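Worksheet for the structure shown next.
Please read all numbers here as calculations on a predicted model, not as lab measurements. Note that ligands are numbered from 1 as they come in the structure, with each ligand's atoms numbered from 1 the same way. One-based numbering along the sequence shown.
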Amino acid sequence: MAASSMENRVVALISRLHDVQAVKFGDFTLKSGIQSPVYFDLRVMISYPDVMVEVSQLLWEKISTSNFKSICGVPYTALPIATLMSAAHNVPMLIRRKEAKGYGTNKLIEGTFSKGDSCMIVEDVVSSGSSVLETAQSLGASDIVVTEAVVLLNREQGGVEKLEANGIKLHSVFTMTDVLDVLSRAGKMEPDMVIKVTEYIATNKFQPNKEILSVKPKSNNILKYSERAALCSNGLSRRLFTIMEQKKTNLVLSADVTSSKELLQLVDKTGPHVCMVKTHVDILEDFNQDVVDSLTKLAAKHDFLIFEDRKFADIGNTVVHQYSGGLYRISEWADVVNAHAIPGPGVVQGLKKVGAPKGRACLLIAEMSSSGNLATGSYTQDTVKMAEENKDFVIGFICVSKISSNPSFLHMTPGVQLEAGQDSLGQQYLTPSEVIGKRGSDLIIVGRGIYQAQDPANAAKQFQIAGYDAYVTRMAEAMIL
Ligand code: 5BU
């Protein structure tokens with residue numbers, strides 16, 4: 001069986017299990033007392049013969065190269081599955097009683113076997129591995145040897161490690177992470193639930209010498225750009241995450257030069273290294289329509305988005321005109337604009353009225369990089385709320401650290417240089433590793449660090465590498481946690 005076709009079948013099975021409510025999301029208390037946002041009730045499979053057949057076939061394929069004389073399903077759900085495997089592949093079955101009968105032969109193991117026979121244990125779900133281990137011990141008491149077990153779902157809570165420590169290799173068809181991956185990609189989970197389940201998996205993941213984590217990793221830190229793209233309702237944020245992953249860059253060039261020739265040359269040189277170009281179109285001495293036409297062509301050539309850093313901050317009716325009209329007609333060419341939250345939601349509604357029909361998007365300025373700025377504390381939190389309420393048009397924030405755990409929101413941070421410091425007018429600089437790695441932002445916005453460098457293309461490349469490395473390291477660290 002080719003790996004990819006097996007993968008496709010597993011994806012289809014996970015979806016089907018969700019459809020038949022064998023996987024549920026909500027608030028559940030598990031047998032262990034742990035609160036879980038996800039619950040697997042695989043017993044319902046017995047009502048769907050097609051699911052039972054597919055499950056038994058996938059389990060069989062996992063152990064097709066193993067050697068064993070019989071199979072033994074752990075009661076109850078795995079019993080009929082083991083029966084299907086036994087019948088389809090002509091392998092004898094054993095049944096382990098939960099308790100000895102107390103009369104007759106008083107046997108714990110039903111079926112015909114000889115001392116030293118090897119047996120494969122079949123199970124539907126493994127968490128800590130205790131049920132498989134108990135079954136193996138009962139079989140062992142009858143001198144039946146168990147060195148392998150196969151399970152449909154590995155909940156990744158120490159089962160593999162516990163069984164391995166007892167000499168049993170566990171094969172699994174899929175893990176809880178696979179379930180999250182498949183169902184979130186298929187849009188079968190709300191973004192909030194994706195966050196909860198991601199945190200639950202990470203928090204409860206087995207660790208040697210440390211069963212439960214004390215530190216909760218932040219969900220954006222675990223999901224790849226492509227996974228986050230799948231969670232976005234706005235097409236532009238989906239596109240940006242996709243560009244970031246494909247071009248391996250989280251760098252936004254802040255092209256703050258004052259002549260259009262310089263602007264276009266700078267953008268063409270640095271284009272391969274950036275996912276977005278940010279403009280201040282009102283600082284150009286020679287603005288005309290040709291500049292934005294050329295810029296749009298460069299965006300297509302190098303595959304980046306255009307962000308006009310206009311910082312709208314007026315009532316809805318005024319921003320409608322500022323965005324669509326005037327000299328610059330920003331909504332005609334800028335994919336993304338930004339706005340202060342200070343006027344209240346009307347500013348977003350005004351921008352949305354113009355931008356949404358054109359497929360545009362907006363960022364809210366929730367924090368600033370300049371010293372002594374007032375965008376802090378409850379102002380920042382209220383800005384996040386405003387974004388939450390307008391998720392179809394607001395795709396994220398200008399901020400200096402991660403301020404929302406919603407993985408569809410983009411966090412974009414200005415004030416970045418390769419060395420921390422300050423300029424003479426209050427701009428404060430952090431490094432890419434501080435911004436992306438420690439503060440959990442997603443994109444670095446760099447102006448003077450690039451366009452004032454002797455070789456801007458090379459400087460852009462350095463920032464690209466530093467920013468992307470910080471992202472890769474952050475992901476790796478979050479996985480280990
Ligand atoms: P710099 O040359 O890398 O310092 O440029 C930073 C750019 O980001 C510049 O265009 C600013 O207008 C922009 N910026 C910022 O620096 N800080 C903020 O809080 C916001 C925007 Br909002």
Side-chain angles (χ1 to χ4, degrees), residues 249-259 262-263 266-267 270 273-284 287 295 304-314 319 328 330 334 336-343 347-348 351 361-377 379-380 383-384 386-387 394-403 409-436 439 441-454 456 459-460 462-464 466-467:
T249 180
N250 47 34
L251 173 63
V252 180
L253 166 71
S254 186
D256 301 333
V257 290
T258 51
S259 90
E262 229 185 310
L263 171 74
L266 172 71
V267 169
T270 54
H273 307 292
V274 305
C275 56
M276 188 179 246
V277 168
K278 182 174 85 62
T279 51
H280 278 302
V281 74
D282 55 356
I283 66 172
L284 284 177
F287 174 83
L295 189 60
F304 60 74
L305 298 189
I306 302 173
F307 164 23
E308 165 57 22
D309 188 0
R310 171 64 178 76
K311 299 187 184 72
F312 293 101
D314 214 319
V319 299
Y328 305 115
I330 295 168
V336 180
V337 290
N338 56 355
H340 285 291
I342 192 100
V347 65
V348 176
L351 294 173
C362 166
L363 298 158
L364 287 182
I365 301 162
E367 291 178 322
M368 292 193 70
S369 60
S370 42
S371 74
N373 79 79
L374 308 179
T376 58
Y379 180 85
T380 302
T383 307
V384 173
M386 198 187 285
V394 177
I395 58 171
F397 310 98
I398 301 293
C399 51
V400 291
S401 60
K402 185 177 146 191
I403 49 175
F409 280 136
L410 293 147
H411 291 75
M412 308 193 27
T413 302
V416 179
Q417 290 265 21
L418 290 175
E419 306 235 328
Q422 267 208 333
D423 74 4
S424 59
L425 296 172
Q427 173 71 305
Q428 305 177 110
Y429 288 112
L430 300 169
T431 62
S433 71
E434 168 75 23
V435 169
I436 305 286
R439 295 172 171 238
S441 188
D442 298 311
L443 295 114
I444 48 172
I445 301 177
V446 184
R448 282 164 281 179
I450 293 174
Y451 67 80
Q452 284 185 349
Q454 282 224 319
Q462 299 313 314
F463 278 101
Q464 174 190 10

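Side-chain atoms of Ser254 do not come within 3.5 Å of backbone N or O of Asp256 as any donor-acceptor pair. Looking at Asp309, its side chain never comes within 3.5 Å of a backbone N or O of Val337 through a donor-acceptor pair.
We find the OG1-CZ distance between Thr270 and Phe463 to be 12.0 Å, quoted to the nearest 0.5 Å.
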Contacts table for ligand 1: protein N or O within a distance under 3.5 Å of ligand N or O, distances only.
{"residue": "ligand 1", "atom": "2 (O)", "partner": "Arg448", "partner atom": "N", "Å": "2.8"}
{"residue": "ligand 1", "atom": "2 (O)", "partner": "Arg448", "partner atom": "NE", "Å": "2.8"}
{"residue": "ligand 1", "atom": "3 (O)", "partner": "Gly447", "partner atom": "N", "Å": "2.9"}
{"residue": "ligand 1", "atom": "4 (O)", "partner": "Gln427", "partner atom": "NE2", "Å": "2.9"}
{"residue": "ligand 1", "atom": "4 (O)", "partner": "Tyr429", "partner atom": "OH", "Å": "2.6"}
{"residue": "ligand 1", "atom": "4 (O)", "partner": "Arg448", "partner atom": "NH2", "Å": "3.0"}
{"residue": "ligand 1", "atom": "10 (O)", "partner": "Ser254", "partner atom": "OG", "Å": "3.0"}
{"residue": "ligand 1", "atom": "10 (O)", "partner": "Asp256", "partner atom": "OD1", "Å": "3.4"}
{"residue": "ligand 1", "atom": "10 (O)", "partner": "Asp256", "partner atom": "OD2", "Å": "2.6"}
{"residue": "ligand 1", "atom": "10 (O)", "partner": "Lys278", "partner atom": "NZ", "Å": "2.7"}
{"residue": "ligand 1", "atom": "10 (O)", "partner": "His280", "partner atom": "NE2", "Å": "2.9"}
{"residue": "ligand 1", "atom": "12 (O)", "partner": "His280", "partner atom": "NE2", "Å": "2.9"}
{"residue": "ligand 1", "atom": "16 (O)", "partner": "Ser369", "partner atom": "OG", "Å": "3.4"}
{"residue": "ligand 1", "atom": "16 (O)", "partner": "Gln427", "partner atom": "NE2", "Å": "2.8"}
{"residue": "ligand 1", "atom": "17 (N)", "partner": "Ser369", "partner atom": "OG", "Å": "2.7"}
{"residue": "ligand 1", "atom": "19 (O)", "partner": "Ser369", "partner atom": "N", "Å": "2.9"}

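Between Phe397 and His411, the two ring planes are tilted [angle within 30° to 60°].
When all heavy atoms of Ile450 and Ala459 are compared, the pair lying nearest together is CA-CB, 4.1 Å. Closest of all the heavy-atom pairs between Leu351 and Cys362 is CD1-SG, 4.0 Å.
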